[in-house]
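What follows is a single structure, written as structure tokens, with notes after it.
In what follows, chains carry the letters A, B, and so on, assigned in the order in which the sequence lines appear, proteins first and then strands, with residues in each chain numbered from 1. Below, each value reflects all heavy atoms present in this structure, side chains not excepted, and no hydrogens, waters or symmetry copies. Source: prediction; values computed, not measured.
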Amino acid sequence: MPTPDLAGALNEWFADAARPLPWRAAEVSPWAVLVSEFMLQQTQVARVVPRWKAWIGRWPTPAALAAEPPSEAVRAWDRLGYPRRALWLHRAAVEIVERHGGEVPAELDDLLALQGVGPYTARAIAAFAFGRRHPVVDTNTRRVIARAVLGQAQPGPPATGRDLAAMGALLPASDAAARAFNAAAMELGATVCTARTPSCDACPIAAACAWRAAGYPPYDGPRRAVQGRFEGSDRQVRGLVMRELRAAHRPVHAGELATLWPDAAQLERALGGLVADGLAVADAGGGLRLPDA
DNA sequence: CACCCGTGGTT
DNA sequence: TAACCAAGGGT
């Protein structure tokens with residue numbers, strides 16, 4: 001039977017176990033938090049840290065980034081992956097300047113209206129940058145809820161409403177404790193209650209865990225959709241092209257791009273996709289380049 | 001809702 | 001080693 005003070009136990013653990021991630025420092029601006037959340041979308045903490053520091057050093061405000069062409073954002077993004085995020089982050093900076101006087105908004109509706117900000121990121125910014133009392137559910141928290149609350153080994157298919165409700169029900173009353181609890185749940189999922197081999201022996205809420213109480217039953221629900229193979233995929237081709245465009249500070253012609261991939265039809269499809277996404281633009285001379293505006 | 005979107009670390 | 005996984009979002 002789960003103990004009632006799961007949040008208390010988790011926050012007590014977190015006070016000691018929290019990794020000193022740079023965007024958690026007290027003096028970090030809402031903009032810096034926003035940048036960290038964009039970079040952390042589907043990307044591991046260890047790979048984000050150096051990019052985030054460089055980014056904040058170069059563009060300490062939304063206005064600073066908005067003043068530069070998107071191509072510079074895509075280059076600075078480097079190899080973090082999903083370069084559309086760099087484009088969206090630049091666009092979000094422009095929107096913040098145009099609609100919010102250069103200040104990151106604190107309201108969920110305003111945050112959700114920004115390019116690249118979805119249900120998770122909006123709540124994360126509101127909670128972590130502004131101390132608002134909202135449930136925040138990311139992939140780590142989803143797993144913690146599935147195990148500790150629902151008694152399942154895995155979260156199963158997306159169930160946003162279910163998870164937000166579960167998190168909301170556990171959320172401490174005060175803004176400060178709620179913010180810590182949101183971060184603590186994510187931290188537990190990232191470092192203890194991990195996807196593959198959780199360290200249940202070291203878990204601070206083992207006494208409250210429904211999965212443990214049930215004897216760690218294996219997951220029997222529907223399997224998550226498997227991601228397609230990366231080798232040979234359009235994503236691989238797009239990545240190769242983007243690497244080329246970032247390196248070349250001038251239009252790259254079709255002949256040069258043709259050497260990147262043997263399948264001409266697939267390469268053409270990838271290029272079309274990049275153009276459609278705004279990551280590449282056709283140059284007047286027939287080449288391809290990063291977006292200058 | 002299912003699928004697409006990069007790159008690299010982990011098991 | 002191939003598969004899985006990662007502070008998701010857009011369509």
Query - Phosphate contact (dA6(C) OP1 or OP2) by Thr139(A) side-chain N/O below 4.0 Å - result: yes
Report summary line: Picking from dT7(B), dA7(C), dC4(C), the nucleotide nearest the side-chain atoms of Arg47(A) would be dT7(B)
Query raised in the report: dC5(C) and dC5(B): how far apart are their C1' atoms, nearest whole angstrom?
Result: 16 Å
Query raised in the report: Would you say Glu256(A)'s side chain and His253(A)'s backbone share a donor-acceptor pair under 3.5 angstrom?
Result: yes
Query - Rounded distance in Å - CD (Glu231(A)) to C1' (dT7(B)) - result: 11 Å
Query raised in the report: Under the 3.5 angstrom rule, does the side chain of Arg246(A) hit a backbone N or O of Arg75(A) as a donor-acceptor pair?
Result: no
Query raised in the report: Is the CD atom of Glu268(A) crowded by more than 12 outside heavy atoms at less than 6.0 Å?
Result: no
Query - N/O donor-acceptor pair, side chain Arg235(A) with base dT7(B), under 3.5 angstrom - result: no
**Report entry** Length of the line joining Arg51(A):CZ and dG9(B):P, which is rounded to integer Å
**Finding:** 14 Å
Report task. May I ask you to check whether Glu37(A) and Tyr120(A) show a side-chain donor-acceptor distance below 3.5 Å? Result -> yes
Query - Residue met sooner reading DNA chain C from 5', once Leu112(A) and Gly189(A) are mapped to nucleotides - result: Gly189(A)
Query raised in the report: So which nucleotide from dG6(B), dA6(C), dA7(C) ends up closest to the side chain of Ala195(A)?
Result: dA6(C)
Requested in this report: Provide, to the nearest angstrom, the distance between the CG atom belonging to Leu279(A) and the C1' atom belonging to dG10(C).
Outcome: 13 Å
Requested in this report: Tell me, with the steps shown, if Leu10(A) and Trp13(A) meet side chain to side chain contact (heavy atoms under 4.5 Å, CB included).
Outcome: CA-CA 5 Å; Leu10(A) 196 51; Trp13(A) 165 81; 3.8 Å; yes
**Report entry** Presence of Gln42(A) side-chain N/O under 4.0 Å of dG8(C) phosphate oxygens OP1/OP2
**Finding:** yes
Report task. Using a 4.0 Å heavy-atom cut-off across all strands, classify Phe230(A) as base, sugar-phosphate, or nothing. Result -> base
**Report entry** Touch class at under 4.0 angstrom, heavy-atom based, for Arg142(A) against every strand present
**Finding:** nothing
Report summary line: The residue, Pro158(A) or Arg238(A), whose nearest nucleotide of DNA chain B is more 5′ is Pro158(A)
Query raised in the report: Can you list the steps and then say if Thr43(A) with Arg51(A) is a side chain to side chain donor-acceptor pair (under 3.5 Å)?
Result: CA-CA 12 Å; Thr43(A) 305; Arg51(A) 281 291 120 225; over 6 Å; no
Report task. State, without any angle test, whether Arg143(A) and Asn140(A) hold a side-chain donor-acceptor pair at a distance under 3.5 Å. Result -> yes
**Report entry** Thr43(A), nearest nucleotide to its side chain (from dG8(C), dG6(B), dC5(B))
**Finding:** dG6(B)
**Report entry** Earlier contact from the 5' end, DNA chain C, for Ala122(A) and Gln44(A)
**Finding:** Gln44(A)
Query raised in the report: OP1 or OP2 of dG9(B) sitting under 4.0 Å from any side-chain N/O of Arg196(A)?
Result: no
Report task. Select base, sugar-phosphate, or nothing to describe what Ile125(A) touches, counting heavy atoms under 4.0 Å on all strands. Result -> nothing
Query raised in the report: CE of Met39(A) versus C1' of dA7(C): gap in Å, rounded?
Result: 13 Å
Report task. Provide the distance between the two P atoms, one in dG6(B) and one in dT1(C), to the nearest whole Å. Result -> 26 Å
Report task. Give Gln236(A) one of three labels, base, sugar-phosphate or nothing, depending on what nucleic acid heavy atoms sit under 4.0 Å from its own. Result -> nothing
Query raised in the report: Say you pick atom C1' in dA7(C) and the same atom in dA2(B); how far apart are they, in whole Å?
Result: 23 Å
Query raised in the report: Does any non-hydrogen side-chain atom of Phe128(A) lie less than 4.5 Å from one of Arg179(A)?
Result: yes
Query - Whole-Å gap separating C1' (dA6(C)) and CG (Leu40(A)) - result: 10 Å
Query raised in the report: Base, sugar-phosphate, or nothing: which does Asp234(A) touch, judged by heavy atoms less than 4.0 Å apart?
Result: sugar-phosphate
Query raised in the report: When you match Gln41(A) and Pro157(A) each to their closest nucleotide on DNA chain B, which lands nearer the 5' end?
Result: Pro157(A)
Report task. Report yes or no: is there a donor-acceptor pair, N or O only, under 3.5 Å between the side chain of Thr121(A) and the base of dG9(C)? Result -> no
Query raised in the report: Can you find a pair of side-chain heavy atoms, one from Leu89(A) and one from Val35(A), that are under 4.5 Å apart?
Result: yes
Requested in this report: Identify whether the distance between the nearest side-chain nitrogen and carboxylate oxygen of Glu187(A) and Arg24(A) falls below 4.0 Å.
Outcome: yes
Report summary line: Per side-chain contact (heavy atoms from CB on, under 4.5 Å), Arg289(A) is matched among Asp283(A), Leu245(A), Val252(A) by Asp283(A)
Query raised in the report: How is Trp52(A) classified with respect to the nucleic acid when contacts are heavy atoms under 4.0 Å: base, sugar-phosphate, or nothing?
Result: nothing
Query raised in the report: Could you state the CH2-C1' distance from Trp77(A) to dG8(C), rounded to the nearest angstrom?
Result: 11 Å
**Report entry** For atom CZ of Arg243(A) and atom C1' of dT7(B), their distance in whole Å
**Finding:** 9 Å
Report summary line: Rounded to whole Å, the CZ-P distance (Arg143(A) to dG8(C)) equals 10 Å
Query raised in the report: Heavy-atom contacts under 4.0 Å between residues 79-100 of chain A and DNA chain C, which residues?
Result: Arg84(A), Trp88(A)
Report summary line: Pairing string of DNA chain C (Watson-Crick or G-U wobble, both atom distances under 3.5 Å; | = paired to other strand) is .|||||.||||
Query raised in the report: Which is true for Val117(A) with a 4.0 Å heavy-atom rule: it touches a base, it touches only sugar-phosphate, or it touches nothing?
Result: sugar-phosphate
**Report entry** For Phe181(A), the option from Thr141(A), Leu170(A), Val136(A) that meets side-chain contact (heavy atoms from CB on, under 4.5 Å)
**Finding:** Leu170(A)
